[in-house]
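Single-structure report; data block below.
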2 protein chains.
Amino acid sequence: MSDAADVHFLLDGMASRYIILADGRRVLLGFLLPGDFCDLHPQLAPVFAHPIISISACSVAHYPRRALAAWRGEFPALATALERWCLVDGAITRRWLTNMAIPAEYRLAHLLCELRTRLAQVGQADEASFPLFLTQQEMGEAIAISTVHINRSLQHLKELGLVRVMNHRVFIPDLARLESFVGFDSAYLEPGGGAFSRNSSAAADSPIQG
Amino acid sequence: MSDAADVHFLLDGMASRYIILADGRRVLLGFLLPGDFCDLHPQLAPVFAHPIISISACSVAHYPRRALAAWRGEFPALATALERWCLVDGAITRRWLTNMAIPAEYRLAHLLCELRTRLAQVGQADEASFPLFLTQQEMGEAIAISTVHINRSLQHLKELGLVRVMNHRVFIPDLARLESFVGFDSAYLEPGGGAFSRNSSAAADSPIQG
DNA sequence: CGCAGCTTTGATAATGATCAAAGTCGGTGG
DNA sequence: CCACCGACTTTGATCATTATCAAAGCTGCG
């Protein structure tokens, strides 16, 4: 079907970039949501490619690389879109890295905030809930936490009344409270957005700022 | 001197991108070595900028952003260089993220391997040694490990005979052994390089592969 | 029904953080 | 030249977070 020389673009579903460690463990390096380019980078350097798995059923569009390269000159808007995605992708990765310094429970809450915001950007989430087809094991692989500990962290978030989960859907009774709990600021996900965040006052004990 | 609208380019020294957590801790998100662009991204989205500190005395060149933008069309090679740097930068960040899943000692060893390779690329390291002006605290901030634990991990690497440190210089008695210890593969740092790694056989117990 | 995959729970172990204090070293001022 | 100071490193002791192991409950599905 699709050629290795194509560029892929996720239309629907959820996928993830990953890497396998020597001991067999898998590390998820990011999630791809509808609208994201799957493999932009490899056009310059195949060696950078990370394999991708689908998390839920996905539909994908693919364009010949050559055409894409040509379009970049012809349609500046496309070039901007590509660059924009590179930037957001990089910002997300740096945020994940930043979050490795905060405790498991916060990292999990942050992941949920991030996914909700990104899904909302593509019309698949609102303030109160969003679909999530990750297993707890996959969540663990994404934020470098054992499955057992994910389970306990999630339970604690539930006990705190910050989230609820029902058949593959996360419910958030009070989004502002959840976001303030982790000090979540969506600025890094909104390159077009203003330079100032809405979420200006995080809780005094929330682990992130900046 | 330099205008906020300039693009900066590190000529000499070492600098680091960082973020400050709510509890005051600092997280280093990457190191900038000679030849690296300091703040390419912000031209599209100021909100993504992470502050930068100099680790050692640095010299920096700055170009007006507008000129750079213009040059991109005019000189494809420059455009390629910029993209190349974006890719390497992203690859490094993803590798750091990957490494958060492996134990402290390996993470530290990996950082040393990475810095050596990058410094070698700009003629500031050879197989046996390289200059390093990081304090142990800064190393800890880079790989999310407490200062005390960095000290102990480093000591252990010394005991294993993998590294030695003398006045701001890291000595590596046997580079192949150190790299195989962590399963270090420099492919992600060499976008121009072949698709296959030289370092094909990592030690059976090394924590990274792929 | 019964299996497979996922979640949940309990118990124990390991990694790494934190706290406190002492030791080293280079530089600076008297 | 020496004493002191500040920044960094090292050590010891204790604590916390998180991993690991093992087993039992769930749940959807063939």
Side-chain angles (χ1 to χ4, degrees), chain A residues 14 16 21-28 53-57 99-112 131-160 163-170 182 205 207, chain B residues 14 16 21-28 53-57 99-112 131-160 163-170 182 205 207:
Chain A
M14 182 171 174
S16 176
L21 300 184
D23 61 8
R25 277 182 303 157
R26 188 174 61 176
V27 176
L28 302 187
I53 40 159
S54 70
I55 298 288
S56 61
N99 285 351
M100 299 307 309
I102 69 176
E105 187 180 303
Y106 290 99
R107 226 141 80 209
L108 177 57
H110 193 281
L111 178 66
L112 296 178
L132 187 65
F133 290 85
L134 289 175
T135 64
Q136 293 185 1
Q137 182 174 130
E138 287 165 336
M139 294 182 210
E141 290 169 347
I143 60 180
I145 284 169
S146 72
T147 308
V148 171
H149 200 58
I150 281 281
N151 185 283
R152 289 173 171 141
S153 301
L154 191 52
Q155 275 179 58
H156 191 219
L157 293 181
K158 288 174 187 168
E159 281 165 19
L160 293 175
V163 301
R164 264 173 302 152
V165 180
M166 277 178 55
N167 40 322
H168 297 188
R169 203 167 177 90
V170 176
V182 253
D205 59 340
Chain B
M14 182 171 173
S16 176
L21 300 184
D23 61 8
R25 277 181 303 156
R26 187 173 62 174
V27 176
L28 302 187
I53 41 158
S54 70
I55 297 288
S56 62
N99 285 351
M100 299 308 308
I102 69 176
E105 187 179 302
Y106 290 100
R107 227 143 78 209
L108 177 57
H110 195 281
L111 178 66
L112 297 178
L132 188 65
F133 290 85
L134 289 174
T135 64
Q136 294 186 1
Q137 183 174 128
E138 286 166 336
M139 294 183 211
E141 289 169 346
I143 60 180
I145 285 169
S146 72
T147 308
V148 170
H149 200 59
I150 280 281
N151 185 284
R152 289 173 172 142
S153 302
L154 191 52
Q155 275 179 57
H156 191 219
L157 293 182
K158 288 175 189 167
E159 281 164 19
L160 294 176
V163 302
R164 265 172 300 153
V165 180
M166 277 178 55
N167 41 321
H168 297 188
R169 203 164 179 91
V170 177
V182 253
D205 59 339

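We use all heavy atoms of the structure for the numbers below, so side chains are in, but hydrogens, waters and symmetry mates are not. We name chains A, B, ... by the order of the sequence lines, and we start the count at 1 in each one. In this text the structure is predicted, and so the values were computed from the model without any measurement.
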[atom1]/[X] to [atom2]/[Y] distance, rounded to the nearest 0.5 angstrom?
| X | Y | atom1 | atom2 | result |
| --- | --- | --- | --- | --- |
| Met14(B) | Glu138(B) | CE | CD | 8.0 Å |
| Asn99(B) | Leu108(B) | CG | CG | 11.0 Å |
| Glu159(B) | Leu154(B) | CD | CG | 10.5 Å |
| Met139(B) | Leu111(B) | CE | CG | 8.0 Å |

[X]: partners by side-chain hydrogen bond (donor to acceptor under 3.5 Å, both in side chains), with sequence neighbours left out:
| X | answer |
| --- | --- |
| Arg169(B) | Ser129(B) |
| Gln155(A) | Asn151(A) |
| Arg26(B) | Glu141(B) |

Between [N] ([atom2]) and [X] ([atom1]): distance, integer Å:
| X | N | atom1 | atom2 | answer |
| --- | --- | --- | --- | --- |
| Leu154(A) | dT18(D) | CG | C1' | 16 Å |
| Met100(A) | dT17(D) | CE | C1' | 13 Å |
| Gln136(B) | dT9(D) | CD | P | 4 Å |
| Gln137(A) | dC21(D) | CD | P | 14 Å |

Heavy-atom contacts, protein to nucleotides 23-30 of chain D, under 4.0 Å, summarised as B (base), S (sugar-phosphate only) or - (none) per nt, yield --------
Taking the side chain as every heavy atom from C-beta outward, state whether His156(B) and Leu160(B) have any atom pair closer than 4.5 Å.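 His156(B) vs Leu160(B): side chains touch.
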_With a 4.5 Å cut-off on side-chain heavy atoms, are Leu132(B) and Leu112(B) touching?_
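When only atoms from C-beta onward are counted, Leu132(B) and Leu112(B) do touch, with a gap below 4.5 Å.
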Minimum-distance pair of heavy atoms, taken over all atoms of [X] and [Y]:
| X | Y | answer |
| --- | --- | --- |
| Val165(B) | Lys158(B) | CG2-CE, 4.0 Å |
| Val182(A) | Ala109(A) | CG1-CB, 3.8 Å |
| Ala101(A) | Val27(B) | CB-CG2, 3.9 Å |

- Nucleotides bounding contact with chain A, strand DNA chain C, heavy-atom threshold 4.0 Å: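 Taking any atom under 4.0 Å from a heavy atom of chain A, the span is dC6(C) to dA11(C).
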Which atom pairs link the protein and nucleotides 14-16 of chain D when you take only N or O atoms and keep those under 3.5 Å?
none

Extract from the structure each pairing of a protein N or O with an N or O of nucleotides 5-7 of chain D at less than 3.5 Å, listing the distance.
none

Any Asn151(B) side-chain N or O less than 4.0 Å from OP1/OP2 of dT9(D):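 No, outside the criterion.
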Glu105(B): salt bridge (charged side-chain N to carboxylate O under 4.0 Å, His left out) partners, not counting sequence neighbours: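 Per chain and number, Glu105(B) pairs via salt bridge (charged side-chain N to carboxylate O under 4.0 Å, His left out) with no residue.
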Could you pull out all donor-acceptor pairs under 3.5 Å where a side-chain atom in residues 143-150 of chain B meets a protein atom, sequence neighbours excluded?
unit_1	atom_1	unit_2	atom_2	d
Ser146(B)	OG	His149(B)	N	3.2

- Message: What residues from residues 139-150 of chain B pass a heavy-atom cutoff of under 4.0 Å to DNA chain C?
- Response: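 Residues of residues 139-150 of chain B that come under 4.0 Å of DNA chain C are, in numerical order, Ala144(B), Ile145(B), Ser146(B), Val148(B), His149(B).
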Which is it for Ile53(B) and Leu28(B) under the side chain to side chain contact (heavy atoms under 4.5 Å, CB included) test, yes or no, and what are the steps along the way? CA-CA 10 Å; Ile53(B) 41 158; Leu28(B) 302 187; 4.3 Å; yes
